[in-house]
Amino acid sequence: MDPARAIIHLDMDAFYASVEQLDHPAYRGRPVVVGADPRDGKGRGVVAACSYEARPFGIRSAMPISRAYRLCPKAIYVRPRMARYAEMSDRIFAILRDYTDLVEPLSIDEAFLDVTASQRLFGPADAIGRTLKARIRSELGLVASIGLAPNKFLAKVASDLGKPDGFVVVAPGKEREFLDPLPIFRLWGVGPKTEARLKRLGLQTIGQIARMPVETLEAMLGGAGRDLWELANGMDDREVVPEQDAKSIGAETTFERDTEDREEIRRTILELSDRVGRRLRREGYLAGGVTLKFRDHLFRTLTRAAILDHPTDVGDDLFREAWKLLQRVSLAGNRVRLLGVTATRLLAAAEPPGGQMSLFRPTADPRRRLARAVDAIQERFGSDAIARASLVEASPARKGRKSGVKDSHSR
DNA sequence: TCTGGGGTCCTAGGACCC
DNA sequence: TCTGGGGTCCTAGGACCC
């Protein structure tokens, strides 16, 4: 057996809402809801994050914003400021990397750290964990919850249980004792569907799953059954992996009102394709495939995918393919709720991303050169400085629509 | 209650090849 | 005329996570 590893899971408490309270002293001590515009309870969209003061009202993240509004109309409702959260995230991750290179980001505000080897330099793992919490609080004014355990799964569950401002340690040998009484939804990979299925079989706690013959679970759930059984028994040998290549890059948007307007649909697919192209170029990828996502007024979701003849990072190419894919979706009688464009089969672009050289290479595709020139102008002067004529001359209906596809991301 | 936007992973079924 | 078995690749859908 390996000597016990020391894995930390760090998760920021109410991250977006906490940053808003940090930046707006008037919000402190008050219920803050970050998410879609509630529009007097008629808005679409969900709660991205809420402060702990909002929780006694029953507000939770991922809840429809209209419901949150009914529960607490007096809360402070703000739109997400992703650029600001990303900036704070960078500072958090910089602190984490002071203690180990083995930092695996799970999201903007959550990470695993393997501090097994760090202990020689920085002392025991729980001291490292306490230092991380203290530095994030004193240097950034934000609160993190931490779980420390011999593996990723246990560390994750530990940090969740301690929230907010938690610090929970699962010592080697105490895995089963810690997990046994917990409800099954705490297992990674058990969402609402699997939870309902397991409950129908009379399974309520992780301990009950741990004590079942693994073959029974395998017969019920296939390969996932063994994974669940191992997690329930506190077994998880996944490594902390610092860098992982993206497998897809996408953008999607939900219309304020379901639409059947061909022109609006076309324009939206073009905007989404441009956004994806820009990200591909910025992050140095070429797309080998495109997927179009389509959701109708009954919330039915369809996807159609294609492989490109030539990998690309140009929005026009993505658009042309996505538009072809749309023709494969039967629109008859369907109003469109959501459209999405995703670049798949990503390859690392041979040229350095954003490199000036590419502007002068005689063999470079002129549309890629144009796209990069537009990137440079937008980088320098902002995304409103230059746009496609076909998008600028968009129908008057779009005027005053503050949550346009482009705006919502660049703000 | 009426469901965002960003992703990852898994599976079933069909096409195709040997 | 009826037909194996293995393998790979691809698509679409869905569960799940934050």
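Keep in mind that the numbers below use all heavy atoms, side chains included, and drop hydrogens, waters and symmetry copies. Just so it is clear: chains get the letters A, B, ... in the order the sequence lines come, proteins before strands, and each one is counted from 1.
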Applying a 4.0 Å non-hydrogen cut-off, can you work out what [X] is touching in the nucleic acid: base, sugar-phosphate, or nothing?
X        : value
A/Thr291 : nothing
A/Lys156 : sugar-phosphate
A/Ile65  : nothing
A/Glu252 : base
A/Ser66  : sugar-phosphate
A/Val47  : nothing
A/Ala305 : sugar-phosphate
A/Arg300 : nothing
A/Arg79  : nothing
A/Arg197 : nothing

To the nearest Å, how far apart are [X] [atom1] and [N] [atom2]?
X        : N      : atom1 : atom2 : answer
A/Glu195 : C/dG14 : CD    : P     : 21 Å
A/Arg345 : C/dA12 : CZ    : P     : 11 Å
A/Asp160 : C/dC18 : CG    : P     : 7 Å
A/Glu256 : B/dG5  : CD    : P     : 11 Å
A/Leu346 : B/dT8  : CG    : P     : 8 Å

- Carboxylate-amine/guanidinium proximity below 4.0 Å for A/Arg84 and A/Asp23: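 Answer for the salt bridge query: yes.
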
- Any salt bridge between A/Glu104 and A/Lys152, counting N to O under 4.0 Å?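 Judged by the 4.0 Å cut-off on N to carboxylate O distance, A/Glu104 and A/Lys152 do form a salt bridge.
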
- Measure the CG-CZ distance between A/Asp258 and A/Phe299 for me, rounded to the nearest 0.5 Å.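 If we round to the nearest 0.5 Å, A/Asp258:CG and A/Phe299:CZ are 10.5 Å apart.
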
- Item | Pair partner, B/dC18 [Watson-Crick or wobble, under 3.5 Å] |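 Check on B/dC18: paired to C/dG5, both distances under 3.5 Å.
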
Of the listed nucleotides [options], the one nearest the side chain of [X]:
X        : options               : result
A/Arg279 : C/dC17, C/dA12, B/dG7 : B/dG7
A/Asp109 : C/dC18, B/dG4, B/dG6  : C/dC18
A/Ala251 : C/dC18, B/dG6, B/dG4  : B/dG6
A/Ile249 : B/dG7, C/dT11, C/dA15 : B/dG7
A/Arg304 : C/dG13, B/dG7, C/dC16 : C/dG13
A/Thr194 : C/dA15, B/dT8, B/dG6  : C/dA15
A/Ile307 : C/dG13, C/dC10, B/dG4 : C/dC10

- Item | Verify stack between A/Phe299 ring and B/dC2 base, 5.5 Å, 30 degrees |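 No.
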
- Whichever of A/Arg295 and A/Gly222 has its nearest DNA chain B nucleotide further upstream toward 5':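 The residue whose closest nucleotide sits nearer the 5' end is A/Arg295.
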
- Query: Which comes earlier along DNA chain B counting from the 5' end, the contact point of A/Lys42 or that of A/Asp227, where each point is its nearest nucleotide?
  - Reply: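 Between the two, 5'-proximity favours A/Lys42.
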
- Item | Short side-chain N/O contact to B/dT3 OP1/OP2 from A/Arg60, under 4.0 Å |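 Negative; the distance criterion is not met.
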
- Item | Within 6.0 angstrom of A/Asp90 CG, more than 12 heavy atoms from elsewhere |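 Atom CG in A/Asp90 is packed in, count exceeds 12.
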
- More than 12 heavy atoms of other groups within 6.0 Å of A/Glu243 CD: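 At most 12 heavy atoms, drawn from other residues, nucleotides or ligands, come within 6.0 Å of this atom.
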
- Message: Under a 3.5 Å cutoff, is there a donor and acceptor pairing between the side chains of A/Tyr27 and A/Glu53?
- Response: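 A/Tyr27 vs A/Glu53: no donor-acceptor pair found between side chains.
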
